[in-house]
Amino acid sequence: MQENKWIKRIFVNRQLENSPLVERIISRLKPTPVKLVDRLEEIQAELRLATDPIAESKRVLFLTDEKAFIRPCPCSPGAVPCGYWTIDLNLNCPLDCSYCILQAYFSLQPLTIAVNQKDLESELGAFLASTRTKVLRIGTGELGDSLALEAISGQASFLIDLFRDKKGVLLELKTKTAAIDSLLVSPPSENVVLAWSLNTERIIKMEEIGSASLGERVRSAERAVEHGFKVAFHFDPIIYYSGWEKEYGEVCEGLLKKIPPASLAWVSLGTLRFPGKLREIARQRFPESLIYEEELVRSWDGKLRYPRPLRLRIYQKLGEIFKAYGCSDRLYLCMESPEVWMDFSKQNKKGEAFSFPFF
Amino acid sequence: MELRQISLREINLEDTRFKFTLDKSDEKLSFSIQRAGLVEPVIVKSDGQAFILVTGWRRVEASRKFGLKEIMGLVTPSELTDLTLFSLAFFESYPKKNFSLAEKALIIKKFIEFGLSREEIIKEFLARLELPPERQTVDLLSQLACLDWALPSIHRGGWKLSTARLFLTFLPEEREAIIGLSEAFNHNQQAELIELLFTLKKRRKVGLDTILTEEELKPLVRAARERKPRAGLELLAALRERAFPLVTEINREIQAALRQINLPVNSRLDYDHSLEKSSLSISFEARTREEMELVVEQLKQKLKEGELDVLFGLLNKEIDE
Ligand code: SF4
């Protein structure tokens, strides 16, 4: 039995009651109460009655099946795409970041684990056979943290094994936890990148509820490197506040002193951005958070962002640090306009505006 | 229900337990009552001494105005509960009327008072009122409905749920100040006003009073309270400048630079005021090739002399902080 930090109740799709993975997950979560349901709506009807349905949805686990798993990453229209694909074996996330887009993206979606993971094998085979891209990046961290439920579901380990012999594909597992013990049991895989979203200690404490501390994340990354994995980092969202420059600088420097460039697969930078609807939800759920009250303007895709000159300043400042450590070729900007990319690249990547990926 | 003539004097208008509409009687209704009398009977409940109006508040108001002494009314059977009567009032209006948020708040509050459970309200009514069917909605609107002094302004202002949500985060005296100002603004401006005040208050960690009594804002606030023409717009502009200092400052510099540039006649310079784009565009009109050549020549000259450099510099401005 695992230590269960998150789940208060388990709902199981009645048709999958006898699935071995369902049985395994339930036994790992014992004595959490279990209820069989026929439809997702039955769970949603309960979530509606909660005073904070989003918080409640993160404590309720739904074991079910999904029809399809692989999708192109939904980049902002008009942004420079990075050609990323996502595998969504889990929906929703037990962590509770104040800026998390899932708050606005999902409506009454319980933490969902797709237990028909075997179906992914055939879907992946067909997908890889049909794609022409030379090097493909694919990851699981879009609709939830890749490792937060690992102790319960074992899905990351399953994926690592699934991708182990796949050529030309890079699997990225992205997390804000330090839950990598189970991944260090088997040998590393060349095409698996373990990634951490990083932020300053202040932002982690105030805005990333339930996540591991900065020190724990960096330490996990070091362990992953020692084990032989490649690692990646996402400074996303970078939050502007008085003192950002010093504190983000320290995080970057601290990281680059510990992670050898040879093990660094890529690093993304992305300043805070969100659709207006998220601000409405988050202001209510996180009344203490100040991140939504900075100067934010509606940008090209309708999302709110810091004014372009400020974003550029932030990217350039952090870019300089990576340059000093000889790693500027690993940097890319997430969901940014061609204009910002261009200005950023001029200084940091010597005119190579859109070179991606870096393998 | 029994249909009968009812003396208007017999109706106790003090008892508003079934009232949830906030519209006043309007021109159309007045005209129709004036010309044809009251065509559609109101619904009343008898409490033994007087009648309590279940539906027809606007009709009674207009009938009184035109000096009618009696109107047709349907008297409800005494065994019907107040919840049944309120449901009746609600369903009579529901197909005919788009309720404002303030009215929806009153509907929810009254259903709760008459004994309907929150669960039933969520299940049966919220989606039909075009509201998110969640407990939070019920809680928020019940809270809003308690501010009966503010409901008429909220009704007239056509507020959305998001505006009401922000409004309720203000302290009671701050809410009064906002409602006092609101009449100087149209629908969208009211939403923007509340958004800006919320942002500034939270960002600066001060009370609303500190913002509204700021030296430069004080006269604008006063003028808005007195509903002077353009006062609302000027106050909004001043608040925007405070909420968007970086964009405001760069725009101000660009405007100053633009005043120094003499563009050829019939031409116009544009740029993205949100500064998301760093490019500028110049458009002009010409009726002949010669006219066009002349404008192009003049523009070339200006470029050569570096007259536009300052603008390009500002649009690509790098900031230190
Ligand atoms: S870890 Fe990611 S998915 Fe989970 S709450 Fe935070 S931002 Fe959302």
Side-chain angles (χ1 to χ4, degrees), chain A residues 44-57 78 107-108 240-245 276-277 279-281 283-285 287-314 316-317 336-340 342-343 346-347, chain B residues 117-123 126-127 131-140 160-166 168-169 191 195-205 240-251 253 272-279 313-321:
Chain A
Q44 291 177 325
E46 291 193 23
L47 292 177
R48 270 182 223 296
L49 303 180
T51 39
D52 181 350
I54 294 175
E56 190 63 18
S57 71
S107 167
L108 304 171
Y240 171 77
Y241 58 88
S242 156
W244 71 270
E245 198 158 334
K277 187 178 165 202
R279 178 156 73 181
E280 200 188 320
I281 296 169
R283 273 176 171 165
Q284 190 187 4
R285 297 196 62 235
E288 301 301 318
S289 172
L290 292 173
I291 65 174
Y292 292 99
E293 315 315 331
E294 275 306 327
E295 184 169 358
L296 292 151
V297 292
R298 206 163 288 281
S299 49
W300 81 92
D301 55 357
K303 285 186 185 148
L304 292 152
R305 286 177 167 83
Y306 301 130
R308 180 181 49 84
L310 179 55
R311 303 205 308 274
L312 196 56
R313 161 86 185 141
I314 292 173
Q316 282 171 345
K317 177 72 199 166
E336 264 304 350
S337 64
E339 190 146 352
V340 171
M342 206 102 74
D343 286 346
K346 253 188 262 162
Q347 300 205 1
Chain B
S117 72
R118 282 179 155 73
E119 285 74 9
E120 265 175 288
I121 293 174
I122 295 166
K123 217 165 117 206
L126 291 192
L131 292 168
E134 291 168 11
R135 187 190 180 93
Q136 285 179 334
T137 318
V138 176
D139 294 346
L140 184 120
K160 297 208 174 99
L161 202 58
S162 50
T163 304
R165 193 172 276 139
L166 282 190
L168 288 172
T169 65
E195 168 76 40
L196 288 168
L197 292 175
F198 176 89
T199 297
L200 289 171
K201 182 183 164 195
K202 206 165 162 193
R203 190 189 293 170
R204 295 181 182 176
K205 302 191 180 86
R240 272 188 219 121
E241 285 180 9
R242 283 155 180 76
F244 303 99
L246 177 61
V247 172
T248 302
E249 189 202 307
I250 298 179
N251 267 300
E253 290 176 56
D272 173 9
H273 290 236
S274 77
L275 306 178
E276 196 52 43
K277 285 187 174 298
S278 59
S279 54
L314 286 168
L315 285 165
N316 288 290
K317 187 171 177 166
E318 288 185 8
I319 55 166
D320 296 332
E321 171 36 7

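In this structure a side-chain-to-backbone donor-acceptor pair under 3.5 Å is present from B:K202 to A:P287. With hydrogens and angles ignored, the 3.5 Å screen pairs a side-chain donor or acceptor of B:Q136 with a backbone N or O of A:T51. Remark: the backbone N or O of A:R48 is not paired with any side-chain donor or acceptor of B:R135 at under 3.5 angstrom. The backbone N or O of B:L246 sits less than 3.5 Å from a side-chain atom of A:E295, completing a donor-acceptor pair. Listed for the A:Q284 side chain is no donor-acceptor partner under 3.5 Å among the backbone atoms of B:R165.
Contact annotation for B:K277: both backbone and side-chain heavy atoms come within less than 4.5 Å of a heavy atom of chain A. Contact annotation for A:R298: only backbone heavy atoms (N, CA, C, O) come within less than 4.5 Å of a heavy atom of chain B. Only the backbone of A:A50 has a heavy atom closer than 4.5 Å to any heavy atom of chain B. With a threshold of 4.5 angstrom between heavy atoms, B:S279 approaches chain A through N, CA, C or O but not through any side-chain atom. With a 4.5 angstrom heavy-atom cutoff, A:S299 touches chain B via backbone and side-chain atoms both. The parts of A:L49 that come within reach of chain B are both its backbone and its side chain, each placing non-hydrogen atoms under 4.5 angstrom from that chain. Using a 4.5 Å cut-off between heavy atoms, B:L126 makes no contact with chain A at all. Neither the backbone nor the side chain of B:P132 has a heavy atom closer than 4.5 Å to any heavy atom of chain A.
Here the closest non-hydrogen pair linking A:V297 and B:S274 is CG2-O, 4.3 Å. Closest non-hydrogen pair, A:L290 versus B:K205, comes out as CD1-NZ, 3.5 Å. Summarising the geometry of B:F244 relative to A:L296, their closest heavy-atom pair is CE2-O, 3.2 Å, with the distance given to 0.1 Å.
Distance check: B:S278 OG to A:M342 CE gives 9.0 Å after rounding to the nearest 0.5 Å. Summarising the geometry, atom CG belonging to B:L166 is positioned 8.5 Å from atom CZ belonging to A:R279; distances are rounded to the nearest 0.5 Å. Atoms CD and CG, on A:E280 and B:L161 in that order, are 7.0 Å from each other to the nearest 0.5 Å. Taken to the nearest 0.5 Å, the NZ atom of A:K277 stands 12.0 Å off from the OG atom of B:S162.
The choice from B:R203, B:E134, B:E119 that makes the most heavy-atom pairs within less than 4.5 Å of chain A is B:R203. Between chain A and the options B:E195, B:R118, B:K317, heavy-atom pairs under 4.5 Å are most frequent for B:E195. Your options are B:N316, B:L275, B:D272, and the one with the most heavy-atom pairs under 4.5 Å with chain A is B:L275.
Two residues are said to be in side-chain contact when any heavy atoms from C-beta on lie closer than 4.5 Å; A:Q316 and B:E318 meet this criterion.
No hydrogens or angles considered: a donor-acceptor pair under 3.5 Å links the side chains of A:R283 and B:T199.
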